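Here's the structure we're looking at; comments come further down.
Order of the sequence lines fixes the chain letters, A, B, ..., with proteins taken first and strands second; residue numbering starts at 1 for each chain. Everything numeric in this text was worked out from a predicted model, so none of it was measured.
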Protein chains: 2
Amino acid sequence: MGHRQKVTIKDVAREAGCGIATASRVLNKSGSASAEVRERVETAARELGFSFSAIGRALQGGRSMTIGCLVPSLANPVFAEAVQGVQDVLSGAGYQLLIASSNYDGDADNEAIATLAAKDVDGLIVTMVAPERSAALMLARRRGLPVSLMFHDPIDGFLSAHVDNFAAARDVAQRFAALGHTNTAFLALRFSSSDRSRNRYAGFRAECRARGLPDPVLIELTEAEANTPETLAGILASLGGLTAIFASNDFLAIAVQKATRLMGKSVPKDLSVVGFDGIEIGRLLDVPLATIETAPDAMGRQATHTLLDLLQGKA
Amino acid sequence: MGHRQKVTIKDVAREAGCGIATASRVLNKSGSASAEVRERVETAARELGFSFSAIGRALQGGRSMTIGCLVPSLANPVFAEAVQGVQDVLSGAGYQLLIASSNYDGDADNEAIATLAAKDVDGLIVTMVAPERSAALMLARRRGLPVSLMFHDPIDGFLSAHVDNFAAARDVAQRFAALGHTNTAFLALRFSSSDRSRNRYAGFRAECRARGLPDPVLIELTEAEANTPETLAGILASLGGLTAIFASNDFLAIAVQKATRLMGKSVPKDLSVVGFDGIEIGRLLDVPLATIETAPDAMGRQATHTLLDLLQGKA
DNA sequence: AGTTTGAGTGGAAACGTTTCCAGAAGGGAT
DNA sequence: ATCCCTTCTGGAAACGTTTCCACTCAAACT
């Protein structure tokens, strides 16, 4: 197979017998050019199969037309759907999407931000472990790089597309209370590395207290525990007497449903389970998933629009 | 907020009082430099918060350290998980991931490939509607751009990470036959735009025929039909007498489970349902999902390793 | 006729790197 | 004292663009 060869605008110009500047003008429909030259250049470009090098353009123009996006993991449908939303908006605006994921690791987060910034992205859309404490993120902003947060409650001077985790969680507590539940629990997967999770718990507990109900039990699961329903069932059983569970996300809520069934109980008859996120698949489930609908793809879309607006406003 | 300003190696050199070439050598640990200069350069870089511009590097070096990846949609967990696999391997190797998605649209596919190629990616990892008929893909390959296919059965001279859809589908038919099913159906969502779906049906039917069983009914659903369980239930009911359904993917299989329940029947007692893919969430479902496990993330990983090998081999 | 306009054109600089090359300086051998 | 070999250094070219500038030429004015 022939070795990598690129067709540059220089080749087009030579083939068309004109200067580089002229070829550039024709192909970009910027400046003026005679019909005859225009024709020659276009033919040459077509025959050579020319296409612009985004790198050359980026270097010269200072804009890469690329947006960097960092999420914890694409294996979690919430983020995957959000990124799809981002991608939809971006491609409509002629931008490309550079993706990074951290696997919920704070150090990886920082490194990823730095790498994305080095790639000269024009903006950043970010969901990370601790945005408020990320040196890399602060540096990026200080450098004037527009940043849009996704899922995070607002921070400092950052733009943010989000749902009010605290309020939504209070809502759940309210519903539980209305149903007469007093013995409740909050299930979280990575409590320490997710401000979303912490805010949800805070809201949940605050509403319980406001109503004079006992604090919900906080259960932090390891990845392994969450992924083996038998273990999860054991944990739930050991707590005894629970009648309602608020899971920090839909993934977990689904696991709880299964664990409950393993215990010989049924949802929602014996145990109320509510999730968070509203991932697509939840709507198709056999036993419908009760959840807080956050429309992840809309979240991605909005974060992107916000960012794009900022980009326009600055240009 | 201060306008966008970048620190270049030129700034570092000036600050350190040395030439650009020297600064470059120190920062890259390539050529030699006196301890004293080395110290000055490193200090300057640190103080200025310098980081290399990937664009400058790419332009000069001819390698962008970026891989382009095209999938139909990240909203489908199969692809999201696969992309996460790609991302894992890539970031381990120091590469970045540029993402595009087509929403199962063949034209968008071609355009995306062209755009990615223009971004000077070093390689392509692709799942698309019709790779064997994509002019853009052929052009990319002719230009010497390494391409690795995901999910597609092998084509021409392309590298491909895949499962044998045909064989796996025959397997399903065999199981159905062993259970005594004679009245079966194959459910597909985008039959015309998915070679995977077509190959699965072909394998399914081939095995039925080989056993002298009647052809499975082929049901093509629209997106809307698949997403409203009530409608789906109606369709299934209208077919009457079905005892086993092979769904083209897990998403669909889950929808069928729900539709079945709506009809007052139960899976697997009254109706056998088998899916395809093995997405993570399937393992956590209340009623476990019978499926062909294809380990999407492993697929992504393998496609990436293959591509990276090709990249090394050429360099 | 002489002057102004305007369109059409190409050379060259700039963007941030890396690397080739050549020059300078120093030390060890003859 | 001369030479050579290393080590260290910086200028400059190259990568693919866009854009500023200056130039030519003809048409349209006075």
Side-chain angles (χ1 to χ4, degrees), chain A residues 3-42 44-45 48-66 115 117-122 143 315, chain B residues 3-42 44-45 48-66 115 117-122 143 315:
Chain A
H3 33 251
R4 186 89 134 281
Q5 50 170 328
K6 1 199 59 164
V7 180
T8 79
I9 201 171
K10 221 175 276 187
D11 300 319
V12 175
R14 184 167 9 86
E15 182 79 7
C18 70
I20 299 179
T22 305
S24 172
R25 275 187 301 255
V26 171
L27 264 10
N28 284 303
K29 302 190 203 318
S30 43
S32 56
S34 70
E36 194 220 353
V37 170
R38 194 179 304 276
E39 170 64 19
R40 285 212 312 271
V41 170
E42 270 158 4
L48 267 45
F50 169 80
S51 76
F52 283 109
S53 155
I55 292 196
R57 281 187 149 165
L59 185 56
Q60 138 71 26
R63 307 157 39 81
S64 65
M65 295 305 281
T66 300
T115 314
K119 280 274 177 182
D120 299 286
V121 295
D122 292 337
R143 285 256 202 287
Chain B
H3 32 250
R4 185 92 132 279
Q5 50 169 332
K6 3 197 59 164
V7 180
T8 78
I9 201 171
K10 222 176 274 187
D11 300 319
V12 174
R14 183 166 13 83
E15 182 78 8
C18 70
I20 300 179
T22 305
S24 172
R25 274 188 301 254
V26 171
L27 263 13
N28 285 303
K29 303 189 201 319
S30 42
S32 57
S34 69
E36 194 219 353
V37 170
R38 194 180 303 276
E39 170 65 19
R40 285 210 314 270
V41 170
E42 269 158 5
L48 266 44
F50 169 80
S51 75
F52 283 109
S53 154
I55 292 196
R57 281 187 149 166
L59 185 56
Q60 137 70 26
R63 307 156 40 82
S64 64
M65 294 306 281
T66 299
T115 314
K119 281 274 176 180
D120 299 287
V121 294
D122 292 336
R143 285 255 203 287

Self-check item: Candidates D:dG10, C:dG10, C:dT17 - which lies nearest the side chain of A:Ala21
Solution: C:dG10

Self-check item: Residue whose closest nucleotide on DNA chain D lies nearer the 5' end, A:Asn28 versus B:Gly61
Solution: B:Gly61

Quiz prompt | Reported CZ-to-OG1 distance for the pair A:Arg14 and A:Thr8, which is rounded to 0.5 angstrom | solution = 7.5 Å

Quiz item: Does B:Ser64 offer a backbone N or O that forms a donor-acceptor pair with the side chain of B:Thr66 under 3.5 Å?
Solution: yes

Exercise. Nearest whole angstrom, please: distance from the P of D:dT9 to the CD of B:Glu36.
Key: 8 Å

Quiz item: What nucleic acid atoms does A:Ser51 come within less than 4.0 Å of, heavy atoms only: base, sugar-phosphate, or nothing?
Solution: sugar-phosphate

Practice problem: In whole angstrom, give the distance that lies between atom NZ of A:Lys6 and atom P of D:dA14. | Solution: 18 Å

Self-check item: Under 3.5 Å donor-acceptor pair, A:Arg38 side-chain atoms to C:dG8 base atoms
Solution: no

Quiz item: When all nucleic acid strands are considered with a 4.0 Å heavy-atom cut-off, which category describes A:Thr22: base, sugar-phosphate, or nothing?
Solution: base

Quiz item: Do NZ/NE/NH1/NH2 and the carboxylate oxygens of A:Arg38 and A:Glu42 come within less than 4.0 Å?
Solution: no

Quiz item: Does a nitrogen or oxygen in the side chain of A:Ser34 sit under 4.0 Å from OP1 or OP2 of C:dG8?
Solution: no

Quiz item: Which is true for A:Ser32 with a 4.0 Å heavy-atom rule: it touches a base, it touches only sugar-phosphate, or it touches nothing?
Solution: base

Quiz item: D:dG10, D:dC15, C:dT18: which one has an atom nearest the side-chain heavy atoms of B:Phe52?
Solution: C:dT18

Quiz prompt | Closest to the A:Gln60 side chain, choosing from C:dG16, C:dT9, D:dT17 | solution = D:dT17

Exercise. Rounded to the nearest angstrom, tell me the gap between atom CZ in B:Arg63 and atom P in C:dG16.
Key: 23 Å

Quiz item: When all nucleic acid strands are considered with a 4.0 Å heavy-atom cut-off, which category describes A:Ser53: base, sugar-phosphate, or nothing?
Solution: sugar-phosphate

Quiz item: In whole angstroms, how far is the C1' atom of C:dT9 from the CG atom of A:Leu27?
Solution: 16 Å

Quiz prompt | Interatomic distance, A:Cys18 atom SG to A:Arg25 atom CZ [nearest 0.5 angstrom] | solution = 9.0 Å

Practice problem: Using whole Å, report how far CD1 of A:Ile20 lies from C1' of D:dC21. | Solution: 16 Å

Practice problem: Check whether any side-chain N or O of A:Arg57 sits under 4.0 Å from OP1 or OP2 of D:dT18, and answer yes or no. | Solution: yes

Exercise. For A:Leu59 and for B:Gly19, find the nucleotide of DNA chain D with the closest heavy atom, then tell me which residue's nucleotide is more 5'.
Key: B:Gly19

